[in-house]
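Notes follow once the structure below has been shown.
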Number of protein chains: 4
Amino acid sequence: MSFIEQARRRQLIEALIEGVAEEGYAGASLAKVAERAAISKSVVVYHFGTKDELVEAAVEQIFGEMRAFIEPRLDAEQTARGQLRAYIGSEFTFLEHNRAKLLAVSYILMNHRDAGGALYLRERSETTYLKSVIAILKKGQADGEFRSFALVPMATTLMHAINGALAQWVANPKLSLAEYADELITIFDLATRKSSTRATGKAAE
Amino acid sequence: MSFIEQARRRQLIEALIEGVAEEGYAGASLAKVAERAAISKSVVVYHFGTKDELVEAAVEQIFGEMRAFIEPRLDAEQTARGQLRAYIGSEFTFLEHNRAKLLAVSYILMNHRDAGGALYLRERSETTYLKSVIAILKKGQADGEFRSFALVPMATTLMHAINGALAQWVANPKLSLAEYADELITIFDLATRKSSTRATGKAAE
Amino acid sequence: MSFIEQARRRQLIEALIEGVAEEGYAGASLAKVAERAAISKSVVVYHFGTKDELVEAAVEQIFGEMRAFIEPRLDAEQTARGQLRAYIGSEFTFLEHNRAKLLAVSYILMNHRDAGGALYLRERSETTYLKSVIAILKKGQADGEFRSFALVPMATTLMHAINGALAQWVANPKLSLAEYADELITIFDLATRKSSTRATGKAAE
Amino acid sequence: MSFIEQARRRQLIEALIEGVAEEGYAGASLAKVAERAAISKSVVVYHFGTKDELVEAAVEQIFGEMRAFIEPRLDAEQTARGQLRAYIGSEFTFLEHNRAKLLAVSYILMNHRDAGGALYLRERSETTYLKSVIAILKKGQADGEFRSFALVPMATTLMHAINGALAQWVANPKLSLAEYADELITIFDLATRKSSTRATGKAAE
DNA sequence: GATGAATGAGTTTTCATTCAT
DNA sequence: AATGAATGAAAACTCATTCAT
């Protein structure tokens with residue numbers, strides 16, 4: 001892929017993200033993206049072939065960035081409990097610097113359907129992100145750090161809790177994300193730990 | 001409002017709900033609603049004046065039904081802890097019998113914007129539903145049942161947790177909602193109770 | 001169907017026919033049809049739902065008119081030979097007064113494809129028109145009027161011969177259709193009759 | 001013209017022919033041709049300047065090949081009757097090995113128009129092919145082999161008869177072209193010969 | 001020789017809305 | 001109370017072509 005092509009693709013994906021973050025999924029229209037990028041609609045088609053491919057490329061990219069940001073922070077932790085805190089913390093850090101991206105993703109996952117009307121991207125997000133949270137939870141149970149609970153509801157709740165933070169932040173931009181993150185860390189610490197365990201650190205304060 | 005008018009409105013709102021639940025927010029178009037109700041587009045306009053008014057009427061109605069279902073179940077509980085469990089339980093019971101309605105609401109809240117591009121319905125849902133959860137949490141803290149935590153993140157998390165259950169259920173229709181509800185009850189029981197409190201019953205198992 | 005609806009459909013079909021006759025299949029575009037009818041594109045969609053339905057409605061109508069014109073003229077003849085002459089003669093008479101319609105049909109049959117890329121209308125024309133010619137030929141052979149020959153090539157040749165006349169007429173509008181018809185009558189008279197038969201009348205001159 | 005240039009032109013013309021034969025005139029678009037040839041659109045433009053020139057080059061080439069195939073076979077015959085049979089026979093032989101080419105030509109002749117909207121290629125085909133048939137017919141009449149008939153209708157009918165065979169073959173690929181050719185030979189033998197003439201050979205069987 | 005990039009005009013279709021009846 | 005008719009704007013996409021490299 002040529003340099004100019006890469007630049008254009010990046011520019012168009014950015015335009016899409018901004019548009020969707022501001023206007024909702026309607027901001028993903030070829031016309032809106034082209035206007036934001038100050039080019040003609042056909043350029044978008046030229047570089048992506050299809051609206052769907054643009055949207056999917058954007059999601060892939062954001063997912064990739066998130067993974068690249070979060071994974072090393074998880075690997076730096078030994079305990080499942082530490083990983084859980086690191087997961088929430090790094091999601092929030094990422095969120096803080098990528099509001100538009102996460103907003104865009106959440107609009108797209110809710111609205112983007114293939115020709116058959118299926119929400120295939122939703123599924124992909126589940127399998128990608130849910131799985132990594134579930135892995136942490138499983139490890140915590142295996143290591144005796146976590147109590148026994150059903151994995152899917154806990155993981156789903158955590159992911160939607162972060163999404164809820166995003167929604168709150170959008171509604172109220174003065175919200176302190178750091179404090180919000182601490183609250184979530186405590187909530188999931190309490191929700192997952194073995195009840196006999198005397199919690200130490202923040203969660204027990 | 002005449003009887004026939006009421007019937008029509010109910011019919012059209014139902015058509016909208018089905019359409020949105022199946023096809024996403026695109027299912028809210030006048031043409032789709034009219035087709036589903038097997039009448040002409042102009043009838044919809046006649047009874048609601050505007051697409052927006054139809055959509056908003058649908059949301060109002062669903063919100064009303066939820067309130068009517070949940071509130072008495074909350075009032076039957078004395079303790080905040082009991083109310084919290086009742087809240088989650090009755091949300092799930094409602095969900096079980098009103099999948100399409102809640103699905104439709106979640107699509108609409110995410111997509112419906114006024115002429116100026118504002119998501120005003122989202123705000124309304126927050127003020128309505130969040131507030132009732134916050135009231136429970138506040139009472140629990142005042143009565144010494146709950147630990148000290150920030151109200152908004154906890155309430156937001158709970159509401160999005162329920163939304164997460166809906167999403168999981170849509171993706172996997174065989175999911176046991178009762179078990180899922182129990183898990184959530186435990187999670188929020190653990191997350192809210194005073195740490196010194198020795199939980200009894202399910203939550204502590 | 002209301003009166004105004006019928007009128008619009010007739011008008012739009014007419015616009016389509018004129019457009020296609022003048023500009024080829026490209027003249028069947030919604031924009032061109034709408035412009036010719038001096039209305040907006042959406043009116044066409046309103047009345048036909050789809051471009052394909054408009055095109056197919058036009059073809060049906062023309063086929064119907066042809067059938068209505070030709071069939072009684074065939075029924076008025078007792079012998080196969082007479083029917084063959086009547087067929088050619090009435091096709092030419094029809095052609096003379098419906099140049100645009102037949103031109104349009106021939107463009108459409110050559111170009112109109114369904115979503116899968118199949119030329120389904122061609123097939124329909126074959127089964128409709130070829131069959132009636134084949135019936136005449138069969139009868140002629142059964143009655144001993146015609147020699148033995150393969151039905152499909154003869155029928156196909158006749159139909160394409162008439163199409164050829166249309167093409168010639170378009171290229172050269174001063175062409176005498178009556179004389180051309182006489183030539184074709186003779187050609188197919190000679191081609192079909194029993195070789196022992198002494199032809200009488202024009203064909204044998 | 002360099003060797004590589006020639007090769008490219010041949011390749012592109014071939015891609016055009018295949019595309020048009022399969023998809024109709026829409027298969028003649030630059031994008032489709034380029035995709036079929038697995039090169040970029042600009043290559044097509046580079047070698048032909050214009051879509052129209054590509055299309056016309058393709059037609060020229062096919063016409064040339066037909067002429068090269070048929071002419072010697074005509075020259076090998078002394079009598080007009082023999083030439084007529086040879087013409088039909090060699091057209092069919094050519095057709096049998098060049099289905100896509102003839103299909104493509106027939107789509108192009110029907111659809112390709114210049115900027116002014118004129119079907120100039122049609123005219124060219126008439127003057128090229130019709131003329132050679134007319135020459136045969138004229139000779140047959142001059143030599144007393146053929147009866148008196150109008151030249152244009154007979155020649156047009158013959159040419160369209162062959163086209164009809166192509167159409168039948170496309171609709172029904174199991175069709176025996178050899179038998180079909182024999183039928184046409186007989187038909188035009190009977191249609192052209194002097195009525196007193198006792199036909200010999202196949203036509204009179 | 002070949003191609004990547006861009007474009008404006010064109011395609012069919014969906015949409016919310018207005019208006020007269 | 002209902003609806004048929006019409007519309008302009010917008011949607012995604014295709015097309016032939018131009019231009020710089």
Side-chain angles (χ1 to χ4, degrees), chain A residues 1-5 7-9 26 28-35 37 39-55 115, chain B residues 1-5 7-9 26 28-35 39-55 115, chain C residues 1-5 7-8 26 28-34 37 39-55 115, chain D residues 1-5 7-9 26 28-35 39-55 115:
Chain A
M1 196 177 332
S2 78
F3 169 72
I4 186 160
E5 164 114 46
R8 266 281 188 249
R9 285 176 69 99
S29 89
L30 294 184
K32 295 244 170 80
V33 170
E35 200 198 359
I39 48 156
S40 95
K41 265 184 297 178
S42 3
V43 178
V44 187
V45 176
Y46 172 70
H47 287 285
F48 287 95
T50 272
K51 175 200 175 160
D52 286 7
E53 280 182 51
L54 164 60
V55 170
Chain B
M1 194 180 327
S2 80
F3 170 72
I4 191 162
E5 164 113 41
R8 267 281 189 247
R9 286 175 68 99
S29 87
L30 292 185
K32 295 239 171 85
V33 169
E35 200 200 357
I39 47 151
S40 98
K41 264 189 300 179
S42 344
V43 180
V44 187
V45 176
Y46 174 74
H47 286 284
F48 289 95
T50 273
K51 176 202 174 160
D52 287 7
E53 282 181 51
L54 164 61
V55 171
Chain C
M1 198 178 330
S2 78
F3 170 72
I4 188 162
E5 164 113 47
R8 267 281 187 249
S29 89
L30 294 184
K32 296 243 170 80
V33 170
I39 47 157
S40 95
K41 266 183 296 179
S42 5
V43 179
V44 187
V45 176
Y46 172 71
H47 287 285
F48 287 95
T50 273
K51 175 201 177 160
D52 286 7
E53 280 182 53
L54 164 61
V55 171
Chain D
M1 192 179 331
S2 80
F3 169 72
I4 191 162
E5 164 112 42
R8 267 280 188 247
R9 286 175 68 98
S29 87
L30 293 186
K32 295 238 171 87
V33 169
E35 200 200 355
I39 46 152
S40 98
K41 263 190 302 178
S42 345
V43 179
V44 187
V45 176
Y46 175 72
H47 287 285
F48 289 95
T50 271
K51 175 201 175 163
D52 287 6
E53 281 182 53
L54 163 62
V55 171

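Letters A, B, ... are given to chains in the order of the sequence lines, protein chains preceding strands, and every chain is numbered from 1.
Here the closest heavy-atom approach between residue C/Val44 and residue C/Ala34 is recorded as CG2-CB, 4.1 Å. Across D/Ala28 and D/Val55, no two heavy atoms sit closer than the pair CB-CG2, 4.5 Å.
To the nearest angstrom, P of E/dG10 lies 8 Å from NZ of C/Lys32. Whole-Å rounding puts the D/Phe48 CZ to E/dG1 C1' distance at 14 Å. What separates CD of D/Glu53 from C1' of F/dT17 is a distance of 13 Å, to the nearest Å. Computed from coordinates, the D/Lys41 NZ to E/dG4 P distance equals 11 Å when rounded to whole Å. A straight line from OH of A/Tyr46 to C1' of F/dA16 spans 15 Å, rounded to a whole angstrom. Atom CZ of A/Arg9 and atom P of E/dA5 are 11 Å apart (whole Å). Summarising the geometry, the separation between CE on C/Met1 and C1' on F/dG4 is reported as 13 Å, rounded to the nearest angstrom. To the nearest angstrom, P of E/dT3 lies 15 Å from CD of D/Glu35.
Looking at the side chain of A/Ile4, the nearest of the listed nucleotides E/dA5, F/dT17, F/dT7 is E/dA5. Checked against E/dA6, E/dA16, E/dA5, the side chain of A/Glu5 finds its nearest nucleotide in E/dA5. Listed nucleotides E/dT18, F/dT17, F/dA12 differ in distance to B/Val45; the shortest reach to its side chain belongs to E/dT18. Residue B/Ile39 places its side chain closer to F/dT3 than to any other of F/dT3, F/dT17, E/dG4.
Residue A/Ser2 is classed as a sugar-phosphate contact, given heavy-atom separations below 4.0 Å to backbone atoms only. Contact annotation for D/Ser29: backbone-only contact, meaning every heavy-atom pair under 4.0 Å involves sugar-phosphate atoms and none involves a base.
Taking atom C1' in both E/dG1 and F/dA20, one finds a spacing of 15 Å when rounded to whole Å.
Look at F/dA11: its Watson-Crick or wobble partner, with both distances under 3.5 angstrom, is E/dT12. A 3.5 Å limit on both hydrogen-bonding distances identifies F/dA6 as the Watson-Crick or G-U partner of E/dT17.
Atom CZ in A/Arg8 sits 5.0 Å away from atom CD1 in A/Ile39 (nearest 0.5 Å). The CG atom of A/Leu54 sits 5.0 Å away from the CZ atom of A/Phe48 when rounded to the nearest 0.5 Å.
Here C/Arg8 reaches the OP1 or OP2 of F/dA6: one of its side-chain N or O atoms lies under 4.0 Å away. Taking side-chain N and O atoms only, A/His47 has no distance below 4.0 Å to OP1 or OP2 of E/dG4.
Nearest-nucleotide positions on DNA chain E for A/Ser40 and C/Gly49 put A/Ser40 closer to the 5' end. Between C/Thr50 and B/Leu30, the residue anchored closer to the 5' end of DNA chain E is C/Thr50, taking for each the nucleotide with the nearest heavy atom.
Counting only distance, with no hydrogens or angles, the side chain of C/Thr50 and the backbone of C/Glu53 share no donor-acceptor pair below 3.5 Å.
No side-chain heavy atom of A/Val45 sits less than 4.5 Å from a side-chain heavy atom of A/Lys41.
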